[in-house]
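Here the structure comes first, spelled out in structure tokens, and everything after it is commentary.
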Amino acid sequence: MDIEPVDVAPVRGFRRAMLRQRWEDLIFLHWPVEPERVAPLLPAGTRPDTLDGVTYVGLIGFRMVGLGLGFGPGVPYFGSFWETNVRLYSVDGSGRRAVVFRSLDASRLVPVLVARATLRLPYLWSAMGLERDGDRLSYRCRRRWPGPTGATSRIEARIGEPIAEPTPLDHFVTARWGLHTRAYGRTRHLPNWHPRWPLHHAELLALDDELVTAAGLPPPQGPPTSVLYSPGVPVAFGPPVSCPQWTEDGRRIRS
């Protein structure tokens, strides 16, 4: 099986956008982890994607703006909210690289309910906020529903200079053009597209997080290997498609 390259600016692979939104003020924190430790947490038919034999756990905080259907404007009020997600990196039987969300905390209940019901994404309702003071950002999250209720996260970071030449790791954890999820008995790939990320160096000033371990992952060992910031991008999502699965000897089976 050929795995697609890490493409930082691919051609959009779908005609019709199912959803549109904008992601703003993103902070990306990443820690290395052994692939075998996270493989059981991925949907059937996918396996950990790796860079130099290692995969990564990501903690990402940002602001969702203007979420709406692909053919119309963003939904007023409910379409803009704060979000913090915990994610892993996957590849499926067709060689498509993607992310797998272990949790997505969001500050609006209605989008949480819709995402859980439609694509079975692990959205959770949380009290959240983002404060900005010059080049300093403070992301805060406290989970409301469902459990574990009360799980919290606090990220404080300083935005640095733009990155002229991103590293292979920078691209590996950001140049992702879809997600994998398990919904209604099938593993599905939901493609997305956006312009190339404008990335900045960032300095982590403080971190007090319970979301990574609440997502069933081992606690991070030491500071993150990668800390990045992006002012954001507009994003479009295409329709989901079912993913093939493989056996241990490499034969494809139905999902």
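Heavy atoms only: backbone and side chains are in, while hydrogens, waters and symmetry mates are out.
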Query raised in the report: Is R142 atom CZ crowded by more than 12 heavy atoms from other residues, nucleotides or ligands, each under 6.0 Å away?
Result: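 Counting other residues, nucleotides and ligands, CZ of R142 stays at 12 neighbours or fewer.
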Query - Residues, nucleotides or ligands: over 12 heavy atoms within 6.0 Å of R15 CZ - result: no
Requested in this report: Work out which heavy atom in L190 is nearest to a heavy atom in M18; give both atom names and the distance.
Outcome: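 What the structure gives for the nearest pair is CD1-CE, 3.7 Å.
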Query raised in the report: Between P43 and T46, which heavy-atom pair has the shortest distance, and what is it?
Result: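 The pair with the smallest heavy-atom distance is O-OG1, 2.8 Å.
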Query raised in the report: For residues 222-239, which residue pairs qualify under salt bridge (Lys or Arg N to Asp or Glu O under 4.0 Å), counting only residues two or more places apart or in two chains?
Result: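 Of all non-adjacent pairs touching residues 222-239, none passes salt bridge (Lys or Arg N to Asp or Glu O under 4.0 Å).
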About how many Å separate [atom2] of [Y] and [atom1] of [X], when rounded to the nearest 0.5 Å?
X	Y	atom1	atom2	value
L179	R188	CG	CZ	12.0 Å
H201	I159	NE2	CD1	13.5 Å
L199	S226	CG	OG	9.0 Å
T84	I155	OG1	CD1	6.0 Å
R144	S126	CZ	OG	8.0 Å

**Report entry** Pairing residues for V114 by the side-chain contact (heavy atoms from CB on, under 4.5 Å) criterion, not counting sequence neighbours
**Finding:**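 Expected list: V110, T118.
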**Report entry** Those residues that, when tested against P195, pass side-chain contact (heavy atoms from CB on, under 4.5 Å) (two or more places apart)
**Finding:** W193, V233, P234
Report task. Could you name each residue pair satisfying side-chain hydrogen bond (donor to acceptor under 3.5 Å, both in side chains) that touches residues 28-41, not counting sequence neighbours? Result -> H30-Y89
Query raised in the report: For residues 160-170, which residue pairs qualify under side-chain hydrogen bond (donor to acceptor under 3.5 Å, both in side chains), counting only residues two or more places apart or in two chains?
Result: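 Listed by first then second residue: T167-D170.
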If we ignore hydrogens and angles and just use 3.5 Å, is the side chain of [X] paired with the main-chain N or O of [Y] as donor and acceptor?
X	Y	answer
D92	G95	yes
R97	E4	yes
R132	D135	no
N85	R87	no
R176	F172	yes

Query - Residues in side chain to side chain donor-acceptor pair (under 3.5 Å) contact with H189, at least two apart in sequence or another chain - result: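 Partners of H189 under the side chain to side chain donor-acceptor pair (under 3.5 Å) test: none.
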Requested in this report: Only counting residues at least two apart or in another chain, list the ones meeting side chain to side chain donor-acceptor pair (under 3.5 Å) with R154.
Outcome: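 Scan of R154 (side chain to side chain donor-acceptor pair (under 3.5 Å), adjacent residues dropped) gives E156.
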Report all side-chain donor-acceptor pairs from residues 62-79 shorter than 3.5 Å, counting only partners two or more places apart or in another chain.
unit_1	atom_1	unit_2	atom_2	d
R63	NH2	E24	OE1	2.5
Y77	OH	R108	NH1	3.3

Can you give the donor-acceptor pairs under 3.5 Å from side chains of residues 210-225 to other protein atoms, not counting sequence neighbours?
unit_1	atom_1	unit_2	atom_2	d
E210	OE1	T152	N	3.0
E210	OE1	T152	OG1	3.4
T213	OG1	E210	O	3.3
Q221	NE2	P219	O	3.1

Query - Pairs where residues 93-143 contributes a residue and the test ring-ring contact (aromatic ring centres under 6.0 Å, His included) is met, not counting sequence neighbours - result: none
Query raised in the report: Taking only residues at least two apart or on different chains, which pairs with a member in residues 202-239 satisfy ring-ring contact (aromatic ring centres under 6.0 Å, His included)?
Result: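 Sorted result for residues 202-239: H200-Y229.
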Between side-chain atoms of residues 50-60 and protein atoms elsewhere (two or more places apart, or another chain), which donor-acceptor pairs fall under 3.5 Å?
unit_1	atom_1	unit_2	atom_2	d
T55	OG1	D49	O	2.7

Query raised in the report: What about W177 and F14, are their ring centers closer than 6.0 Å?
Result: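 So the answer is no for these two rings.
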**Report entry** Side chains of R143 and S153 in contact at under 4.5 Å (non-hydrogen atoms)
**Finding:**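 Counting from C-beta outward, R143 and S153 never come under 4.5 Å.
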